[in-house]
Amino acid sequence: MQWETVIGLEVHVQLNTQTKIFSGSSTQVGAEANSQASLIDLGMPGTLPVLNREAVNKAILFGLAINADINRHSAFERKNYFYPDLPKGYQTTQLEHPIVGAGIVEIELADGRKKNVRIHHAHLEEDAGKSLHEDFHGMSGIDLNRAGTPLIEIVSEPDLSTSEEAVAFARKLHSIVTSIGICDGEMSQGSLRFDVNVSVRLKGEEKLGTRTETKNLNSFKFMERAIALEVERQIDVLEDGGTITQETRLFDADTNTARAMRSKEDANDYRYFPCPDLLPVNVSEAEIEALRDALPELPDTRKARFIEQYSLSSYDADMLAGDLNMANYFEAVVTQANDAKLAANWVTGELAARLNASDLNIQNSPVSATDLGQIIVRLKDDTISSKIAKQVLEACWNGEGSPDQVIEAKGLKQMSDSGELEKIVDQLIADNATQAQAYRDADENKRKKMFGFFVGQAMKATQGKANPQQINALLEKKLTQ
Ligand code: ADP
Ligand code: MG
């Protein structure tokens, strides 16, 4: 049978405000457990929440970034449920009147195809605390530092049809919220968390199938795996004549399995009611226009600019413009090296590979943009060859100093003294007389293949420091003499 997948995402984005959404407690991560939870965050009797203006502004910035309607009037409600990490017994959130209305996010797929994903709305709410299941034997700990951290929850329409599309959409949201500076984008810290709603239906069927929701995925890789797993499971169930239960599921990345957590609850189950402690939020036209003027460069605009300004390929521009920190790094390398093509090659090639292998992001690159730029400068002025440049990068990566210090200390300067190189070439031809003779006797084709041997010998003799162009020219001349 021919099945078709339907996916909709709910995305929690932690806003990077200094303080919480309704209190003055710090939102800084890494503090001692429960040192940043105030009486307001705990919902103690007699306390009153005060809405953080910055959280509202950041939510509006997001709305503007996706061309959404900004609701002039929004309001908070209480979503009631019991859980140990929610000491108030309710989450303050928005339901009927979210701050951001319908909008559009354009995604681009690997084959260049573009697709618009509709955003149903985005609302403001507070995060809960954290249950710590591993720190205490036989008990769970509760850390309430996160309680009250501002979030926007972005709800997409069920417009995605493959895991590739879902991941492209998730990446695009990551790119947007980091580019406009409302979220630090640290997925491993939970700054962005994805709930994936998945259903399947027979091709041609109009009615949507029953969906499940897999919660709290905090990496693109996990998301892709969780979707694949769930699609397969649903198809199996349906092909065996079963039915899908609408439920919430939990994905376990360690075992690559998922299990049902609870059957899906309705809004009714939460006894939502308007929050009596908070005034409705009214934003004026002038406030919205001021934020629109302050909106930083969006990823799509930056990508177009990179293609235009630096003559990058669409692929390179995607890789470099999608992430703000990556983009800033790249532009700093270009400034230093004055060569966009080489800067793009080194950042997306050698550097990206190293960062990947060490599971580091660009902000934590051991090699600064200035240093990488300087390596490229030395490459361009022929102080070093590109092979040696990789060696210099490695040394800088290991903290052995600036590129010039490394080149000096390790004696990596390229040998361009033609007299000296000529001596070396003469010597190696004498040492390899048989091969040299064979070369002379060979035809054009064979010669091409044999030439590499002599280049290799020359590089070996100079520890890779010979200027490659000079060596090639010398060898060509001397071998045919
Ligand atoms: P609820 O009101 O139960 O929370 P919503 O209509 O708000 O449900 O949808 C929640 C999320 O689930 C949205 O992202 C939406 O796109 C997605 N969704 C809804 N129905 C389906 C479906 N049949 N298949 C896949 N995703 C769906
Ligand atoms: Mg909903």
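Just the heavy atoms: all of them, side chains too, but no hydrogens, waters or symmetry mates, feed the values below.
- The pair Glu400-Lys410 meets the salt-bridge criterion, since a charged nitrogen lies less than 4.0 angstrom from a carboxylate oxygen.
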Pair Leu124, Leu15 - check side chain to side chain contact (heavy atoms under 4.5 Å, CB included), show working. CA-CA 10 Å; Leu124 271 165; Leu15 301 176; 3.9 Å; yes
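- Side-chain N or O atoms of Arg259 include none that pairs as donor or acceptor with a backbone N or O of Leu250 at under 3.5 Å.
- Between the side chains of Ser179 and Arg302, at least one donor N or O lies within less than 3.5 Å of an accepting N or O.
- Summarising the geometry of Ile407 relative to Ile384, their closest heavy-atom pair is CD1-CG2, 3.9 Å, with the distance given to 0.1 Å.
- For Glu408 and Lys413, the salt-bridge test passes: some basic side-chain N is under 4.0 Å from an acidic carboxylate O.
- Residues Arg211 and Asn197 bring a donor and an acceptor atom of their side chains to less than 3.5 Å of each other.
- Using a cut-off of 4.0 Å between Lys/Arg side-chain N and Asp/Glu carboxylate O, Glu4 and Lys203 are scored as not salt-bridged.
- With contacts defined as side-chain heavy-atom distances shorter than 4.5 Å, the pair Val117/Glu157 does not qualify.
- Of the residues Gln91, Gln14, His12, the one that meets the side-chain contact (heavy atoms from CB on, under 4.5 Å) test with Asp127 is Gln14.
- With Gln94 contributing its side chain and Ile99 its backbone, the two residues share a donor-acceptor pair below 3.5 Å.
- Ion pairing between a basic and an acidic side chain is recognised when a charged N comes within 4.0 Å of a carboxylate O; Glu285 and Arg72 show such pairing.
- Salt bridge annotation for Glu287-Arg53: present, with a cationic side-chain nitrogen under 4.0 angstrom from a carboxylate oxygen.
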Could you check Ile7 against Leu9 for side chain to side chain contact (heavy atoms under 4.5 Å, CB included), going step by step and ending with a plain yes or no? CA-CA 7 Å; Ile7 304 166; Leu9 259 56; 3.6 Å; yes
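- For Asn256, the CG atom sits in a packed shell: over 12 heavy atoms of surrounding residues, nucleotides or ligands are nearer than 6.0 Å.
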Pair Thr17-Glu54, side chain to side chain donor-acceptor pair (under 3.5 Å): steps then yes or no: CA-CA 7 Å; Thr17 53; Glu54 270 308 295; over 6 Å; no
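- A salt bridge does not link Glu106 to Lys172: none of the charged nitrogens lies less than 4.0 Å from a carboxylate oxygen.
- More than 12 heavy atoms of other residues, nucleotides or ligands sit less than 6.0 Å from atom NZ of Lys478.
- Within a 6.0 Å radius of NZ in Lys380, more than 12 heavy atoms belonging to other residues, nucleotides or ligands are found.
- Across every non-hydrogen atom of Leu360 and Pro366, the tightest pair is CD1-CD, 4.0 Å.
- Every pair passing salt bridge (charged side-chain N to carboxylate O under 4.0 Å, His left out) that includes a residue from residues 348-362 is listed here, sequence neighbours excluded: Arg354-Glu394.
- A salt bridge does not link Glu308 to Arg305: none of the charged side-chain nitrogens sits closer than 4.0 Å to a carboxylate oxygen.
- Ser386 places no side-chain N or O within 3.5 Å of a backbone atom of Ala389 that could act as its donor or acceptor partner.
- Within a 6.0 Å radius of CD in Gln18, no more than 12 heavy atoms belonging to other residues, nucleotides or ligands are found.
- Judged as a ring-ring contact (aromatic ring centres under 6.0 Å, His included), not a single pair has a partner in residues 171-229 (not counting sequence neighbours).
- For the residue pair Ala352 and Met319, the shortest heavy atom distance occurs at CB-CE, 4.1 Å.
- Defined by atom type and a distance below 3.5 Å, a donor-acceptor pair is present between the side-chain atoms of Glu239 and Trp3.
- Side-chain atoms of Glu164 come within 3.5 Å of backbone N or O of Ala110 as a donor-acceptor pair.
- Side chain to side chain, Gln363 and Tyr329 fail the donor-acceptor criterion of an N or O pair below 3.5 Å.
- Side-chain contact annotation: Asp252 with Thr257, donor-acceptor N/O pair under 3.5 Å absent.
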Could you walk me through whether Lys215 and Asp195 satisfy the salt bridge (charged side-chain N to carboxylate O under 4.0 Å, His left out) test, starting with their C-alpha distance in whole Å, then the side-chain angles of each, then the deciding distance to 0.1 Å, before giving a yes or no? CA-CA 4 Å; Lys215 275 208 176 296; Asp195 299 346; 3.3 Å; yes
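- For the residue pair Asp381/Thr383, the side-chain donor-acceptor check at 3.5 Å is satisfied.
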Assess the residue pair Gln36 and Gln28 against the criterion (side chain to side chain donor-acceptor pair (under 3.5 Å)); give the C-alpha distance rounded to whole Å, side-chain angles, the decisive distance to 0.1 Å, and a yes or no. CA-CA 8 Å; Gln36 291 171 178; Gln28 203 75 45; over 6 Å; no
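- No side-chain heavy atom of Asn67 sits under 4.5 Å from any side-chain heavy atom of Ile104.
- For Asn432 (side chain) and Leu428 (main-chain N/O), a donor-acceptor pair under 3.5 Å exists by modelled atom type.
- The closest donor-acceptor contact from the side chain of Asp339 to the backbone of Leu342 lies under 3.5 Å.
- Annotation: side chain of Ile375 is in contact with side chain of Cys396 (closest heavy-atom distance under 4.5 Å).
- Comment: Asp143 does not engage Arg146 in a salt bridge, judged by the lack of any side-chain N to carboxylate O separation of less than 4.0 angstrom.
- For Tyr315, the OH atom counts as loosely surrounded, since its 6.0 Å shell holds 12 or fewer non-hydrogen atoms of other residues, nucleotides or ligands.
- Proximity of a side-chain donor or acceptor of Asp69 to a complementary backbone N or O of Gly101 within less than 3.5 Å is not detected.
- Counting only heavy atoms from C-beta outward, the side chains of Phe451 and Asn472 approach each other to under 4.5 Å.
- Of all the heavy atoms in Ala327 and Ala321, the pair that sits closest is CB-CA, 4.3 Å.
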Between Asn345 and Lys341, is the side chain to side chain contact (heavy atoms under 4.5 Å, CB included) condition met? List the steps. CA-CA 6 Å; Asn345 286 348; Lys341 186 72 206 143; 3.8 Å; yes
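- Residues Asp323 and Thr178 bring no donor and acceptor atom of their side chains to less than 3.5 Å of each other.
- More than 12 heavy atoms of other shown residues, nucleotides or ligands fall within 6.0 angstrom of atom CD in Gln309.
- Minimum heavy-atom separation, Lys115 to Leu160: NZ-CA, 4.3 Å.
- Using a 4.0 Å cut-off between charged side-chain N and carboxylate O, Glu165 and Lys114 make no salt bridge.
- A tilted orientation is assigned to the rings of Phe306 and Phe330, their planes being inclined by 30° to 60°.
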Could you give me the CA-CA distance, side-chain angles and deciding distance for Asp443 and Lys446, then say whether side chain to side chain contact (heavy atoms under 4.5 Å, CB included) is met? CA-CA 5 Å; Asp443 62 20; Lys446 282 211 182 109; 3.4 Å; yes
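- The salt bridge (Lys or Arg N to Asp or Glu O under 4.0 Å) test applied to Lys20 returns Asp41, not counting sequence neighbours.
- No side-chain donor from either of Ser191 and Glu186 sits under 3.5 Å from a side-chain acceptor of the other.
- Salt bridge absent: Glu476 and Arg447 never bring a charged side-chain N and a carboxylate O closer than 4.0 Å.
- In terms of heavy atoms, Lys303 sits closest to Ser314 at NZ-OG, 3.3 Å.
- For the residue pair Glu230 and Thr212, a side-chain donor N or O sits within less than 3.5 Å of a side-chain acceptor on the partner.
- For the residue pair Asn16 and Lys58, a side-chain donor N or O sits within less than 3.5 Å of a side-chain acceptor on the partner.
- Remark: the Asn325 side chain and the Asn328 side chain contain no N/O donor-acceptor pair separated by less than 3.5 Å.
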